[in-house]
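Reading through the structure tokens given below for one structure.
Values below: all heavy atoms of this structure, side chains included; hydrogens, waters and symmetry mates excluded. What you see is a predicted model; the values in this text were computed from it and never measured.
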Amino acid sequence: MADGENEEMRTLELHGHVGLNSLPDELVKRRVKKGFSFNILCVGETGIGKSTLINTLFKSNFENEEATHYDEEVKLLPRTYDIQESNINLRVTVVHTVGFGDQINLLKSSDPIVDYIDTQFQKYLDEELKIKRSLLNYHDTRIHVCLYFIAPNGHSLKALDLVTMKKLDSKVNIIPVIAKSDTLTRNELVNLKIKVMSELVSNGVQLYQFPTEDEAVAEINSSMNTQLPFAVIGSTEDITVGNKTVKGRMYPWGSVQVENENHCDVVKLREMLLRVNTEDLREQTHFRHYELYRRCKLEEMGFKDPSNDNQSFSLQKTYEAKRKEFLKELQHKEESMRQMFVNKVKEAEVELKEKEKELQGRFELLKTMHQEEKRNLEEKKREMEEEMNAFNRRKVAAETLMGQAVQGSSQQPFKKEKDKKN
């Protein structure tokens with residue numbers, strides 16, 4: 001049969017031992033040799049106890065910087081640590097949200113968190129789409145679980161908490177925790193848990209549910225699902241209670257033990273997070289959240305599954321079709337830009353002609369005005385020349401008369417003497 005998918009499955013019976021039962025041991029050895037990775041995102045307000053809880057969960061002291069309440073924007077600070085217990089190596093990346101909830105305008109407080117998660121998905125997708133891949137040695141930075149810290153100083157969730165968790169529930173496994181639960185009485189804590197879960201359900205926020213398919217952990221996971229959100233207290237201090245030294249906090253009224261299940265849920269959280277459901281959190285991240293991101297990105301790039309299930313998927317044909325579509329779109333844009341350029345040139349030509357016509361009109365007007373002024377000046381020049389000629393004639397006449405008068409006055413005394421003699 002040409003199509004192997006339609007071929008009927010047949011079962012064979014072995015007549016002796018061939019060693020198939022060693023496959024799980026081989027898989028375990030390989031995984032142990034390679035090591036494991038686990039990435040935790042801690043979302044909560046500054047000073048709510050994120051770093052202290054991580055130290056308490058891992059019974060270690062992680063390096064952390066003191067955060068302030070004066071950050072202008074939310075920043076994500078990832079730190080990676082290598083942890084070894086017995087012969088198991090675990091690479092843990094803890095990502096803290098610095099400045100979350102400290103701004104006056106909280107509308108965009110969750111955007112950096114969403115962008116960071118998408119960036120880690122995109123890095124993995126880029127590595128996956130390479131021709132020469134190295135996924136075996138790739139350091140996976142995708143977030144496997146988000147511990148969302150709820151403030152205990154209220155009777156319900158804040159609007160920022162609801163908006164943020166609603167944006168994150170399709171991208172990461174969310175486990176809500178009530179921080180600093182030792183500030184609440186037992187009744188207040190019970191009422192706050194009920195109120196928080198009621199608001200999350202009514203607003204459609206999808207929390208991570210501990211799996212119940214495996215019979216080995218179905219009972220404990222079912223019980224833990226009913227105790228969300230976990231009430232936690234963080235402390236790395238040693239206190240003495242009776243004859244024992246335990247981790248906890250001392251108060252004037254008594255002590256709080258972080259690993260006492262009657263005081264808080266730290267032990268339950270550690271059990272669910274690091275012992276029972278670690279691999280399920282990793283699988284949910286890969287097969288649910290990353291797969292959703294990958295599908296959306298590939299659809300944006302133009303890749304789609306065939307409509308007919310019997311039709312085979314060809315990456316080359318899809319690439320060629322997408323390439324032709326891209327070239328056609330590019331040609332269309334080129335034609336549009338060329339037409340736009342031609343229209344712009346024509347508009348510029350019309351505008352230049354109008355301005356040339358306007359300048360020509362102004363030139364003719366100035367030329368006419370210049371000729372008129374020239375005629376006026378020539379007329380005035382002619383008048384002034386005539387006046388000057390008339391003045392010169394009068395001047396000559398006056399000088400002639402004055403000369404005659406002077407000559408006449410000089411001859412008159414001689415005439416008188418002559419008369420006297422006569």
Inspect the surroundings of CD in Glu356 and state if more than 12 heavy atoms from other residues, nucleotides or ligands are less than 6.0 Å away.
no
Distance (rounded to the nearest 0.5 Å) between Leu200 CG and Lys166 NZ
10.5 Å
According to the interplanar angle, ranging from 0 to 90°, do the rings of His144 and Phe38 count as parallel (below 30°), tilted (30 to 60°) or perpendicular (above 60°)?
parallel
Lys333/Glu329 salt bridge by N-O under 4.0 Å criterion
yes
When you look at His96 and Arg79, which way does the side-chain contact (heavy atoms from CB on, under 4.5 Å) test go after all the steps?
CA-CA 8 Å; His96 289 285; Arg79 292 287 179 83; 5.9 Å; no
Pick one: which of Leu76, Leu147, Val145, Asn173 meets side-chain contact (heavy atoms from CB on, under 4.5 Å) with Leu41?
Leu76
Between the side chains of Glu259 and Arg270, is the shortest nitrogen-to-carboxylate-oxygen separation below 4.0 Å, so that they form an ion pair?
yes
Quick check on Glu399: does its CD atom have over 12 non-hydrogen neighbours (other residues, nucleotides or ligands) under 6.0 Å away?
yes
Does a side chain donor of either Glu364 or Gln360 reach within less than 3.5 Å of an acceptor in the other side chain?
yes
Check Val196 against Pro229 and note the closest heavy-atom contact, atom names and distance.
CG1-CG, 4.1 Å
Return yes if some donor-acceptor pair links the side-chain N/O of Ser198 with the main-chain N/O of Ile194 below 3.5 Å, else return no.
no
More than 12 foreign heavy atoms under 6.0 Å from OH of Tyr138: is that the case here?
yes
Run the salt-bridge test on Arg282 and Glu279 with the 4.0 Å N-O cut-off and return the result as yes or no.
yes
Checking Thr278 side chain against Leu273 main chain: does a donor-acceptor pair fall under 3.5 Å?
yes
Is it the case that the side chains of Gln122 and Asp126 hold a donor-acceptor pair, with the cut-off being a distance below 3.5 Å and no angle test?
yes
State, yes or no, whether a side-chain contact exists between Thr285 and Val172 at a heavy-atom distance under 4.5 Å.
no
Count the heavy atoms of every other residue, nucleotide or ligand shown that sit under 6.0 Å from CZ of Phe341, and state whether that count exceeds 12.
no
Should we count CZ of Arg186 as having more than 12 external heavy atoms under 6.0 Å?
no
